Amino acid sequence: MTITGGLSPATLLDTAYGEARTGLEEGGIPIGAALFAADGTLLGRGHNRRVQDDDPSVHGETDAFRRAGRQRDYRNTIMATTLAPCWYCSGLIRQFGIGAVVIGENRTFSGGEEWLRELGVEVVVVDDDRCVTMMADFIAARPELWNEDIGVADLGTSTGENVR
């Protein structure tokens, strides 16, 4: 699948970034996502709600996916997310056959993006400075919450490459 619909990956990412900002303003972890049809139609948007809902399963991608409602087929959908998807969210992308993923940044965290590529999912990394800055600032300010989110028990660790 090639990202189409006349929208650039950066434009798709804007919706996810807005969701991440909302999550941060709510006191949560600033990771946002949005699921789009191949023509660029927004199907669902969401953000990490682990803190707000006291539910460790509500990551940005899962929130956007749930809010999109049932689709007959996900092969021609695009998941835009501000941060490289963790293994849990990568599994969701794989399970439902989402065709493409637009990643805002993978500097502060790398999850299953290479695995998704190996499975034939189109992966585009935008390397958006807004996303990098928001996550880096959050990790510096709230390392304990970040480590909880990525499943790292050692509070002295501030990255979680391939842990989550």
Side-chain angles (χ1 to χ4, degrees), residues 1 3 9 12-38 40-106 108-126 128 130-132 134-135 138-139 142 144-152 159-164:
M1 165 180 191
I3 296 173
L12 297 175
L13 184 61
D14 285 342
T15 302
Y17 179 78
E19 284 292 320
R21 297 281 323 153
T22 298
L24 184 62
E25 290 164 7
E26 293 173 351
I29 299 159
I31 302 169
L35 187 66
F36 294 90
T41 301
L42 177 63
L43 301 172
R45 60 193 298 157
H47 54 273
N48 186 304
R49 296 176 187 271
R50 295 182 82 249
V51 173
Q52 299 91 315
D53 293 355
D54 196 30
D55 181 347
S57 70
V58 188
H59 291 202
E61 297 88 342
T62 59
D63 192 35
F65 180 79
R66 289 172 181 161
R67 291 172 185 273
R70 291 173 53 201
Q71 308 293 314
R72 287 187 62 82
D73 185 356
Y74 293 90
R75 284 177 289 184
N76 292 317
T77 62
I78 305 158
M79 179 68 75
T81 179
T82 56
L83 185 64
C86 67
W87 286 105
Y88 171 64
C89 295
S90 294
L92 174 124
I93 292 162
R94 169 63 177 105
Q95 174 69 31
F96 290 94
I98 292 171
V101 180
V102 172
I103 297 171
E105 69 103 347
N106 61 359
T108 59
F109 181 82
S110 68
E113 69 184 89
E114 287 305 318
W115 178 65
L116 290 171
R117 278 190 184 101
E118 291 169 10
L119 294 169
V121 177
E122 182 178 356
V123 178
V124 175
V125 179
V126 176
D128 186 284
R130 300 171 304 169
C131 296
V132 174
M134 183 169 34
M135 279 310 302
F138 176 78
I139 292 167
R142 300 292 310 273
E144 75 292 344
L145 188 54
W146 171 244
N147 285 322
E148 174 190 327
D149 189 55
I150 61 174
V152 175
T159 63
E161 184 173 353
N162 298 322
V163 175
R164 198 165 134 199

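None of the values given here were measured: they were computed from a predicted structure.
- Here the closest non-hydrogen pair linking Ile103 and Pro85 is CD1-CD, 3.7 Å.
- Between the side chain of Ser110 and the backbone N or O of Asn106 there is no donor-acceptor pair closer than 3.5 Å.
- Annotation for Cys131 and Gly104: closest pair SG-CA, 4.1 Å, computed over non-hydrogen atoms.
- Side-chain atoms of Ile29 and Phe138, non-hydrogen and from C-beta on, do get closer than 4.5 Å to each other.
- Take Arg117 and apply the salt bridge (Lys or Arg N to Asp or Glu O under 4.0 Å) test, not counting sequence neighbours, and it matches Glu113, Glu114.
- Every residue meeting the ring-ring contact (aromatic ring centres under 6.0 Å, His included) condition with Phe65, not counting sequence neighbours, appears here in chain and number order: Tyr74, Phe96.
- Thr62 is listed as a side-chain neighbour of Tyr88, based on a closest heavy-atom distance under 4.5 Å.
- In this structure, the side chains of Glu105 and Arg130 stay at 4.5 Å or more apart for every pair of heavy atoms.
- Nearest heavy atom pair, residue Gly46 against residue Arg67, reads CA-CD, 4.4 Å.
- Thr15 places no side-chain N or O within donor-acceptor distance of the main-chain N or O of Ala34, the cut-off being under 3.5 Å.
- A donor-acceptor contact shorter than 3.5 Å is absent between the side chain of Asn48 and the backbone of Gly60.
- When every heavy atom of Thr82 is checked against every heavy atom of Ala20, the shortest pair comes out as CG2-CB, 3.9 Å.
- Aromatic ring orientation, Phe109 versus Trp146: perpendicular (interplanar angle above 60°, classes split at 30° and 60°).
- Around atom CG of Asp54, no more than 12 heavy atoms belonging to other residues, nucleotides or ligands sit under 6.0 Å away.
- Between Arg21 and Glu19 there is no salt bridge, since no side-chain nitrogen of the basic residue lies less than 4.0 Å from a carboxylate oxygen of the acidic one.
- Taking every heavy atom of both residues into account, Gly23 and His47 meet most closely at CA-CD2, 3.5 Å.
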Inset, instruction - Please assess Arg50 against Asp55 for the test salt bridge (charged side-chain N to carboxylate O under 4.0 Å, His left out), listing each intermediate value before the final yes or no. - result: CA-CA 5 Å; Arg50 295 182 82 249; Asp55 181 347; over 6 Å; no
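- Residue Leu42 holds its CG atom at 9.5 Å from CG of Leu12, rounded to the nearest 0.5 Å.
- Under the side-chain contact (heavy atoms from CB on, under 4.5 Å) rule, Met79 has a single partner from Leu116, Val121, Ile98, which is Ile98.
- Between His59 and Arg49 the shortest side-chain heavy-atom distance does not fall below 4.5 Å.
- Contact between Ala64 and Ala33 at its shortest, heavy atoms only, is CB-O, 3.6 Å.
- At least one side-chain heavy atom of Leu13 sits under 4.5 Å from a side-chain heavy atom of Asp128.
- The only option from Thr108, Asp149, Ile150 that meets the side-chain contact (heavy atoms from CB on, under 4.5 Å) definition with Ile139 turns out to be Thr108.
- Note that CG of Leu43 is 7.0 Å distant from OG1 of Thr41, once rounded to the nearest 0.5 Å.
- Separation of atoms CG (Leu35) and OG1 (Thr81) is listed at 11.5 Å; rounding is to 0.5 Å.
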